[in-house]
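Here, residue 1 is the first one in the sequence, and each next residue gets the next number. None of the values given here were measured: they were computed from a predicted structure.
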Amino acid sequence: MLLFETVREMGHEQVLFCHGKNPEIKAIIAIHDTTLGPAMGATRLLPYVNEEAALKDALRLSRGMTYKAACANIPAGGGKAVIIANPENKTDDLLRAYGRFVDSLNGRFITGQDVNITPGDVRTISQETKHVVGVSEKSGGPAPITSLGVFLGIKAAVESRWQSKRLDGIKVAVQGLGNVGKNLCRHLHEHDVKLFVSDVDPVKAEEIKRLFGATIVEPSEIYSLDVDIFSPCALGGILNSHTIPFLKASIIAGAANNQLENEQLHSQMLAKKGILYSPDYVINAGGLINVYNEMIGYDEEKAFNQVHNIYDTLLAIFNISQQQGITTNDAAKRLAEDRINSVKRNQTTKAIAA
């Protein structure tokens, strides 16, 4: 990876490599765009295979946060952070050292909880910086509102694809049964959807079978099921040149980040197969909406009104895609960039007038 060329092409404003010896810490904070507001993005802790993989994850996720905030009409920019470590080596000293790195940015980057970072870890980080959300989950955590956004996104995709507002009898395959996947299954079950589920943890799959009458399938079988909708709710990169040929679903709509291994190539592959793809950073924006509202003072009605906008935003993206003959991924980027560029033009106009 050519570092500066990659950062330039992806449009990042700043990438920080955070290193300390006491305690030993390696972290990357990527700030993509702050046109709409301070960069918001959670922190994940993973034992990446190498530093290049960690950087790639931070760059892609931070850019996705910029587009997510813009499409959700949230006055925030996009950022993301990764800590390169094994979860079993996580200590309070490491988390506090990371908190000091975040604090050194003086509010330019606001972070929170992602993979292998617990609410308790967030509270430890907050001992060193106030620029962290989720210290006290006033709303009960992001999973319920994120899953609601995904459910509404599924309804929008069904309306766009089949001109129907009904979900009863539709077959949906849900991959990944964490808090978001479980809540999504509840919403779908309440609308008489036929569920097929998989998870690397068989206990989680058995719980969804017991609660919602789902059919359990092996993780390797989930892609090739003859279903109407495939809903990826685990980790990213699962839509790729190996898995896409197996897909029989007409719609992809799920909560996982970075579902497309290669955005351009694999969004085009999906379009050629006639599969309607719901861009992940649009449909899963409920988490960002949730933490943003916690930051400014939680108002449940306001937060849920904002998450309901996901439905209309996706319908607009599907229409742009159809009218302009572009992929839904490109249509979502175009919508986000139009909103960001509009703010930039207003800022330039005000600066000239001043």
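In the model, Thr118 has a side-chain atom that pairs as donor or acceptor with a side-chain atom of Asp121 under 3.5 Å. In the model, Asn257 has a side-chain atom that pairs as donor or acceptor with a side-chain atom of Asn284 under 3.5 Å. Side-chain contact annotation: Tyr277 with Thr327, donor-acceptor N/O pair under 3.5 Å absent. Of the N and O atoms on the side chains of Glu13 and Thr34, at least one donor lies less than 3.5 Å from an acceptor on the other residue. For the residue pair Asp33 and Thr66, no side-chain donor N or O sits within less than 3.5 Å of a side-chain acceptor on the partner. Side-chain contact of Gln175 with Tyr223: a donor-acceptor pair under 3.5 Å is present, judged by distance alone.
Residue Leu61 holds its CG atom at 8.5 Å from NZ of Lys68, rounded to the nearest 0.5 Å. Here Phe212 contributes atom CZ and Leu184 contributes atom CG; the two are 10.0 Å apart, rounded to the nearest 0.5 Å. Here the straight-line distance linking atom CD1 of Ile83 with atom CG of Asn116 works out to 10.0 Å at 0.5 Å rounding. Taken to the nearest 0.5 Å, the CD atom of Glu88 stands 10.5 Å off from the NZ atom of Lys90. Atom CD1 of residue Ile326 and atom OG of residue Ser267 lie 10.0 Å apart, to the nearest 0.5 angstrom. Distance NE2/His131 to CE/Met295: 11.0 Å, rounded to 0.5 Å.
Using a 4.5 Å cut-off on side-chain heavy atoms (C-beta onward), Thr129 and Arg100 make no contact. Looking only at side-chain heavy atoms (C-beta outward), Leu45 and Pro87 come within less than 4.5 Å of each other. Residues Val193 and Lys171 are not in side-chain contact: their nearest non-hydrogen atoms beyond the backbone lie 4.5 Å or more apart.
No salt bridge links Glu337 with Lys344; every basic N to acidic carboxylate O contact stays at or beyond 4.0 Å. A salt bridge links Arg44 to Asp57: at least one charged side-chain nitrogen sits closer than 4.0 Å to a carboxylate oxygen. We find that Glu190 and Arg186 are joined by a salt bridge, their nearest charged nitrogen and carboxylate oxygen being less than 4.0 Å apart.
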Practice prompt. Might you work through the side chain to side chain donor-acceptor pair (under 3.5 Å) test for Ser321 and Thr328, ending with a clear yes or no?
Written response: CA-CA 5 Å; Ser321 170; Thr328 54; 5.5 Å; no

Practice prompt. Verify side-chain contact (heavy atoms from CB on, under 4.5 Å) between Lys333 and Tyr67, making sure each step is shown before the conclusion.
Written response: CA-CA 7 Å; Lys333 288 172 61 178; Tyr67 294 149; 3.8 Å; yes

